[in-house]
Amino acid sequence: MEKSEKEKWILAGKIGKEARDFGISLAEPGAKLLDIALAIEKKISDAGAKPAFPPNLSLNYFAAHYTPKFKDATELKKGDLLKIDVGASVDGYLSDTAATVLVGGGENKVLDAAKEALSNAIKKVKPGIRIDEISKTIEEAIRGKGCNPIVNLGGHGIERYSIHEADFIPNIRGNSSHMIKKEGAFAIEPFATDGGGYVVDSPEVQILMLVETKPVRSQLGRQILDFIASEYNTLPFAKRWILEKFGIMAELELKPLVSSGALYEFNVLKEQQNGNVAQFEHTLLIDGNEVTVTTE
Ligand code: MN
Ligand code: MN
């Protein structure tokens, strides 16, 4: 790997880690989710980077893909299980990292299960390891705590300007013989739950992503699409970022952009049985025989 390229992966990791930890420090009873998201975004931009995706601040049985909506008034309560999932982009080189907080403190079995699964999985990673070995380690750690892994979420490869790439790293053992990639970045992200272990789409959408630019009839729609292409490229963005820039009328312009295939919507994911969900995630970089956890 080129030295300049490696330095950008490492820097994106460091900024992502600092933004994650800053978010955790703000997660107190009474804190507003929107304020935490804005503080994380500012931390990333003050460090000279951009968000790799909107900060995901998903509560309790929501597993992922919730970022505060425009003027979101949600406040944290004692006992909330908050997943903070953030990433930074340095010239398109990305990080992706998450931690779970039990708001107001205390013990939580689901949180412990996901945390231990990530720690055990990272210890296993070496060049040439089979993905299935990582999955098995995650599954055993989570089941060992009396919880269930979420079977349809998992880790993934990361490429420049693309946060989700092959290979998928499941949170349960399968029968894949795939090896971890020889060079480049990937994320490991165990999700544990006291529910059944399966997430489904909820109707809500707060995060979208550009698929391809298409001709747009409406003038405002065209402006919005041009802005998305130049500002976010193919990285996910928050609906609230568009409403802040173009006003609340912009919401009406997004639907046709989705219907035409220009934009993709990430539905908020919820645990099917409304089980509580915890997640921990790190980005790792493999370069020859060297493994670096960039977000640790
Ligand atoms: Mn993530
Ligand atoms: Mn991820």
Side-chain angles (χ1 to χ4, degrees), residues 9 12-24 27 36-37 40-41 43-44 49-59 62-68 81-90 92-101 111 114-115 117-119 121-122 125 131 134-135 138 149-172 180-181 184-193 199 206-209 232 234-238 264 266-271 277-286 293-296:
W9 285 118
K14 178 173 180 283
I15 296 169
K17 167 213 154 78
E18 286 168 1
R20 178 199 69 214
D21 290 348
F22 186 50
I24 290 169
I36 297 174
I40 289 169
E41 289 163 17
K43 187 90 179 166
I44 292 170
K50 287 183 170 188
F53 49 87
N56 284 218
L57 302 176
S58 309
L59 284 171
F62 293 108
H65 297 168
Y66 184 78
T67 198
L81 204 55
L82 172 67
K83 276 77 63 190
I84 297 184
D85 189 344
V86 306
S89 168
V90 173
Y93 296 88
L94 308 173
S95 58
D96 185 4
T97 181
T100 299
V101 184
L111 186 155
K115 190 175 193 174
L118 178 59
S119 161
I122 283 176
V125 175
I131 286 174
I134 299 172
S135 299
I138 291 170
I150 291 185
V151 301
N152 56 336
L153 291 175
H156 48 89
I158 303 174
E159 306 277 350
R160 192 177 179 207
Y161 283 115
S162 180
I163 195 75
H164 289 135
E165 283 290 330
D167 286 319
F168 182 61
I169 306 176
N171 288 325
I172 51 156
I180 206 76
K181 61 167 92 175
F186 63 98
I188 300 180
E189 53 181 312
F191 282 83
T193 181
V199 291
Q206 295 298 339
I207 299 176
L208 301 97
M209 185 175 74
Y232 311 124
T234 48
L235 295 175
F237 60 90
Y264 174 81
F266 292 90
N267 290 74
V268 177
L269 298 173
K270 90 178 249 303
E271 211 282 326
V277 178
Q279 171 208 19
F280 283 82
E281 179 176 25
H282 277 307
T283 298
L284 293 88
L285 188 68
I286 295 200
V293 184
T294 68
T295 51
E296 197 162 54

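Just follow the structure's listing: the first ligand is 1, and inside any ligand the first atom is 1.
Summarising the geometry, atom CD1 belonging to I188 is positioned 11.5 Å from atom CG belonging to D96; distances are rounded to the nearest 0.5 Å. Taken to the nearest 0.5 Å, the NZ atom of K181 stands 9.5 Å off from the CD1 atom of I131.
Annotation: side chain of R20 is in contact with side chain of H282 (closest heavy-atom distance under 4.5 Å). Within the 4.5 Å cutoff, the side chain of V125 has heavy atoms near those of the F186 side chain. Side-chain contact between P190 and P149 is absent, with no heavy atoms from C-beta onward closer than 4.5 Å.
With sequence neighbours excluded, the residues satisfying side-chain contact (heavy atoms from CB on, under 4.5 Å) with F237 are L208, I228, Y232, W241, I242, L263.
Annotation: protein N, O or S atoms under 2.8 Å of the Mn ion (ligand 2) (waters excluded) comprise D96 OD2, H156 NE2, E189 OE2, E281 OE2.
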